[in-house]
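Note on naming: letters A, B, ... go to the chains in the order of the sequence lines (proteins, then strands), and numbering restarts at 1 for each one. The shown structure was predicted, so the numbers you read here are calculated from the model rather than taken from an experiment.
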2 protein chains.
Amino acid sequence: MSEHNAAIGIGELARRAGCKPETVRYYERVGLVDEAVRTEGGQRRYGEAAVRRLIFIRHARDFGFSVEAVRELLSMSDRPDMSCQEVDTIATHHLEEVESRLQRLEALRDELRRMVGQCAGGKVESCRIIEVLSDHQLCISEHDHGGASDLKHGPHS
Amino acid sequence: MSEHNAAIGIGELARRAGCKPETVRYYERVGLVDEAVRTEGGQRRYGEAAVRRLIFIRHARDFGFSVEAVRELLSMSDRPDMSCQEVDTIATHHLEEVESRLQRLEALRDELRRMVGQCAGGKVESCRIIEVLSDHQLCISEHDHGGASDLKHGPHS
DNA sequence: CTTGAACCTATAGTTGCTACAGGGTTTATG
DNA sequence: CATAAACCCTGTAGCAACTATAGGTTCAAG
């Protein structure tokens, strides 16, 4: 390994991983990235390892892994000798969650399509959308609110 | 009439709509449900109208409508004479978001399936999951996040 | 009248960032 | 060398949409 440490600032690091400096500082606070070396003036300086780690983190987050899951994945990838049984477990579990969310979203999409298709542009009193939302009978899924709705992290309207 | 109105407590109301009392109080704070009549001791009492309204809200939330969107839908359903053009607009917009979210989630599922399928249970150093998360080149789909988030990872140079 | 479940308010926590405010540092240029 | 622009710092507050806790009060049954 070359001792050649490019020593980039936090802005450059963030840019390379596709996030913002605030996000990097946030990851540092919660312990996903190590505390950086500082200049005399107190500014953070990073090397290539930090870039790779941050890219890993951003990818995992883009794949929908929670920060906690990323933390586990990271700690495992730091110990290359161990079996990747756990890695597989985490990813499989995550896959299951994604698949169940997909199913619900599909049902939701179908219902929305039906709603929108049936809105004839008349008066609200005969609007199917309002009707569907009001009427318990027309509910897509039975109310099993053991765990709350999974639709919560959506882009806001 | 006031004698006839079943006057239930907040717990019963919440149970009927499939949520928790805290959620109802939260909705009251943010103005989705009206302030309730109180007993002499200060406890909230509700009638059937509140039950219907809360069920409407919970359905809309289950459908993934944001609280802001629900607020609009509610204000429209309060005026049955108006055209449901706006209702349709909100629902259509929401449908588009759901569809775009579905697409991304499907791409994610495919990627996760491939990852999981390729984890042979060996050592972490040769684990495909870790590898995929580390290396952008191995990403098949360019998981392009629509307008939701701006500049994600550009080409690594 | 006593118990205990249900209720009250207020506040803080959750997740994963993002956006300031009000400074200090580094670097490029004149 | 001086200055200006670009960058960086900490700390705090905010976002959605609730959820949880603490510490106290009220209600309804027995």
In whole angstrom, what separates B:E68's CD from D:dC15's P? 12 Å
Give the rounded distance in Å between these two atoms: CD of B:Q43 and C1' of C:dA5. 10 Å
Would you say B:C84 and A:I130 make side-chain contact, with heavy atoms under 4.5 Å? no
Taking atom P of D:dA17 as reference, at what distance in whole Å does atom CG of B:D62 sit? 13 Å
If the cut-off is 4.0 Å, is A:T23 near the phosphate of C:dT18, judged by side-chain N/O to OP1 or OP2? yes
Partners passing salt bridge (Lys or Arg N to Asp or Glu O under 4.0 Å) against B:R15 (at least two apart in sequence or in another chain): B:E12
Distance, rounded to the nearest Å, where B:I10 contributes CD1 and D:dC27 contributes C1': 15 Å
Under a 4.0 Å heavy-atom cut-off, which of residues 24-35 of chain B touch DNA chain D? B:Y26, B:Y27
When rounded to whole Å, the NZ to P distance for the pair A:K20 and C:dG16 reads 18 Å
Mind checking salt bridge (Lys or Arg N to Asp or Glu O under 4.0 Å) for A:R109 and listing every partner two or more places apart, or none if nothing turns up? none
Does anything in residues 70-114 of chain A form a ring-ring contact (aromatic ring centres under 6.0 Å, His included)? List the pairs, not counting sequence neighbours. A:F65-A:H94
Please enumerate all residues that pass ring pair (Phe, Tyr, Trp, His ring centres under 6.0 Å) together with A:Y26, with sequence neighbours excluded. none
Picking from D:dC18, C:dA19, C:dC8, which would you name as closest to the side chain of A:E22? C:dA19
Atom CD of B:E40 and atom C1' of D:dT25: how far apart are they, to the nearest Å? 14 Å
In terms of side-chain heavy atoms of A:R58, which of C:dT9, D:dC27, C:dC17 is nearest? C:dC17
Taking side chain as C-beta onward, heavy atoms only, is A:Y27 less than 4.5 Å from A:R61? yes
Please list, chain by chain and in numerical order, all residues satisfying salt bridge (Lys or Arg N to Asp or Glu O under 4.0 Å) with A:R44, sequence neighbours excluded. A:E28
Produce the list of close N/O pairs, under 3.5 Å, pairing protein atoms with atoms of nucleotides 28-30 of chain D; give distances to one decimal.
none

Salt bridge (Lys or Arg N to Asp or Glu O under 4.0 Å) against B:E40, all qualifying residues, sequence neighbours excluded: none
Output the rounded distance in Å from CZ (A:R44) to C1' (D:dC9). 7 Å
Under the rule for side-chain hydrogen bond (donor to acceptor under 3.5 Å, both in side chains), what residues qualify as partners of B:S100, not counting sequence neighbours? B:R104
Of all the choices, D:dA17, C:dC17, D:dC9, which nucleotide is nearest to the side chain of A:R38 once you look at every atom? D:dC9
Does B:T39 have a side-chain nitrogen or oxygen under 4.0 Å from the phosphate oxygens OP1 or OP2 of D:dT26? no
Closest nucleotide among D:dA17, C:dC8, D:dA20 to the B:S66 side chain: D:dA17
